[in-house]
Amino acid sequence: MGSADVENIIDARDVVKSFGNVRALRGVSLTVKRGEVVVIVGPSGSGKSTMLRCLNALERIDEGSVTIDGIPLDADSRHIHRIRTEVGMVFQSFNLFPHLTARKNIMLAPRLVRKKGETEARDEADVLLKKVGLGDKTDVFPGQLSGGQKQRVAIARALAMQPKIMLFDEPTSALDPEMIGEVLAVMKDLAREGMTMVVVSHEMGFAREVADRMLFFDDGRLIEEGPTAQVLDHPRETRTREFFRKVLK
Amino acid sequence: MVEFLTQQAQVFLDIFAYLIPALPTTVAITITAYLLAVTLGLLVSLARLSNRRLLRWPAKTYVDVLRGVPLLVQIFFIYFGLGKVLHLGRFSAGVLAVGICYSAYLSEIFRSGIGAIEKGQHEAALSLGMTRFQVLRQVILPQAARIIVPPAANEFIASLKDSSLVSIIGLRELTRAGREYYSQFFVDFQTWLAVGVLYLILTLGLSRIVAWLEKKYRVHGYGVAR
Ligand SMILES: Nc1ncnc2c1ncn2[C@@H]1O[C@H](COP(=O)(O)OP(=O)(O)OP(=O)(O)O)[C@@H](O)[C@H]1O
Ligand SMILES: [Mg+2]
């Protein structure tokens with residue numbers, strides 16, 4: 001388990017997830033290869049966030065199976081815990097810890113979960129902050145950062161756990177337009193370094209530039225998938241075409 | 001006139017000399033009961049916030065019952081009822097009664113404080129691989145403290161005053177000492193004035209500490225606009 005010989009680092013089969021009588025996912029299968037960058041698009045309420053959240057057990061699936069790097073996501077809490085340490089997540093609303101400085105936000109999980117020493121965790125946090133272009137913000141609280149800066153700290157915080165997979169749920173949609181670029185730039189760097197990424201985003205430029213594959217969700221189903229350029233330029237399904245016509249105008 | 005005043009001063013000195021040895025008991029009951037209340041209150045609030053109905057329902061009943069029955073009755077029940085079965089002494093029974101009663105009030109304060117923290121905080125921490133306990137201890141409680149500390153500290157003051165009810169089961173704390181002094185020397189006005197003054201000194205002292213805590217938790221770093 002958890003060895004490099006598993007080709008599909010994410011393997012989700014026939015995932016069904018309901019909230020009361022809302023069927024958020026109606027049987028979705030998706031696989032992601034090691035190092036692949038996948039972008040998920042689709043209308044509001046189509047189940048994109050739910051899908052991501054099922055991949056690190058923030059939601060428990062009703063039916064189907066999810067396997068991450070060979071580890072089955074089942075009721076075993078040790079499996080859930082291991083998967084969460086290997087899968088980083090970045091949220092639309094950043095969710096930085098407001099009572100901790102940027103550096104301490106990043107250090108917290110490595111200290112508690114990876115049991116790293118104070119100095120090691122601190123040095124790594126500082127390296128990561130530099131990497132996302134915030135080397136001068138170590139001792140600043142989230143309340144004093146702009147949206148784009150917050151999101152970059154959030155990415156650094158997830159990276160500090162040295163995850164094998166990064167999930168992004170609309171990382172730029174809460175940002176002012178002028179801040180989107182700085183966050184996408186960090187994500188592009190990550191993709192170039194070979195990180196496996198699943199990104200829910202409607203930033204088509206970003207998708208075209210770095211995504212190997214594009215997945216289109218509608219009404220709790222995976223309607224269409226394929227190489228990014230092909231899905232963008234020659235969508236097979238009518239629903240995909242209609243969606244792009246509305247989004248891209 | 002001078003004679004009257006010196007005589008009165010002597011009376012008060014006498015009373016205070018009698019009362020002050022009972023002060024540590026009042027303080028001890030209050031602190032022990034409060035620690036018990038914080039522990040129980042936190043557990044009850046977590047049960048109430050749980051998504052398991054089997055935890056939520058008993059916790060809600062616990063709070064409703066304890067808030068609906070006068071503390072004095074709870075003291076009688078625990079000392080004469082439970083106490084006889086479990087062989088509880090006066091001190092343990094008093095502490096248990098006040099502690100349990102206040103755990104209900106504190107659990108409501110904890111519940112609203114913890115409940116006020118965005119769900120995203122919890123999710124971000126979980127997604128980093130932290131355990132539920134780590135999330136609570138390192139992420140949720142430090143933020144909730146800002147909301148919890150002022151009202152919880154007020155409950156501490158209230159529990160100090162309510163500890164006087166424990167005098168009813170014969171535990172020799174401040175109020176009990178006042179009653180004893182009165183029944184020996186039959187000075188009522190001065191005795192109860194002195195008892196009142198001692199409670200007031202304690203509560204005013206505590207209020208100052210509460211005000212300081214409020215300021216400390218307000219200033220602490222992240223009060224800045226998001
Ligand atoms: N916790 C929840 N409780 C109840 N219903 C939920 C919950 N989470 C999601 N849903 C519902 O499930 C469906 C799918 O939601 P999801 O958030 O996955 O959509 P989405 O594709 O991410 O949409 P958006 O683009 O608006 O973020 C929606 O109908 C939503 O209302
Ligand atoms: Mg969403």
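Chain naming here is simple, since letters A, B, ... match the order of the sequence lines and numbering starts at 1 in each.
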> Between A/His99 (side chain) and B/Leu141 (backbone), is there a donor-acceptor pair under 3.5 Å?
Replying inline: no
> Checking A/Asn56 side chain against B/Ser127 main chain: does a donor-acceptor pair fall under 3.5 Å?
Replying inline: no
>> Is it the case that atom NZ in A/Lys188 sees more than 12 heavy atoms from other parts of the structure closer than 6.0 Å?
In response: yes
> Measuring heavy-atom distances to chain B, does A/Arg114 have an atom under 4.5 Å in its side chain, in its backbone, in both, or in neither?
Replying inline: neither
>> Let me confirm one number: the CG-CD distance from A/Leu112 to B/Gln138, rounded to the nearest 0.5 Å.
In response: 5.0 Å
> What are the two closest heavy atoms between A/Phe97 and B/Gln121, and how far apart are they?
Replying inline: CD2-OE1, 3.2 Å
> Do other residues, nucleotides or ligands put more than 12 heavy atoms under 6.0 Å from the CZ atom of B/Arg137?
Replying inline: no
> Do other residues, nucleotides or ligands put more than 12 heavy atoms under 6.0 Å from A/Lys104 NZ?
Replying inline: no
>> Is it the case that atom CG in B/Leu200 sees more than 12 heavy atoms from other parts of the structure closer than 6.0 Å?
In response: yes
> Roughly how far, to the nearest 0.5 Å, is the NZ atom of B/Lys119 from the CG atom of A/Asn95?
Replying inline: 10.0 Å
> What option among A/Ile80, A/Val87, A/Leu108, A/Val90 has the most heavy-atom pairs under 4.5 Å with chain B?
Replying inline: A/Leu108
> In terms of heavy-atom proximity below 4.5 Å to chain B, should A/Leu167 be classed as side chain, backbone, both, or neither?
Replying inline: neither
>> If you compare all heavy atoms of A/Thr85 against all heavy atoms of B/Gly129, which two are closest, and at what distance to 0.1 Å?
In response: CG2-CA, 4.1 Å
>> Ignoring hydrogens, what is the shortest heavy-atom contact between B/Leu126 and A/Arg84? Give both atom names and the distance.
In response: O-CD, 3.1 Å
> So does A/Phe19 have more than 12 non-hydrogen atoms from other groups sitting under 6.0 Å from CZ?
Replying inline: yes
>> In the structure I gave you, are the side-chain heavy atoms of B/Leu128 and A/Val113 within less than 4.5 Å of one another anywhere?
In response: no
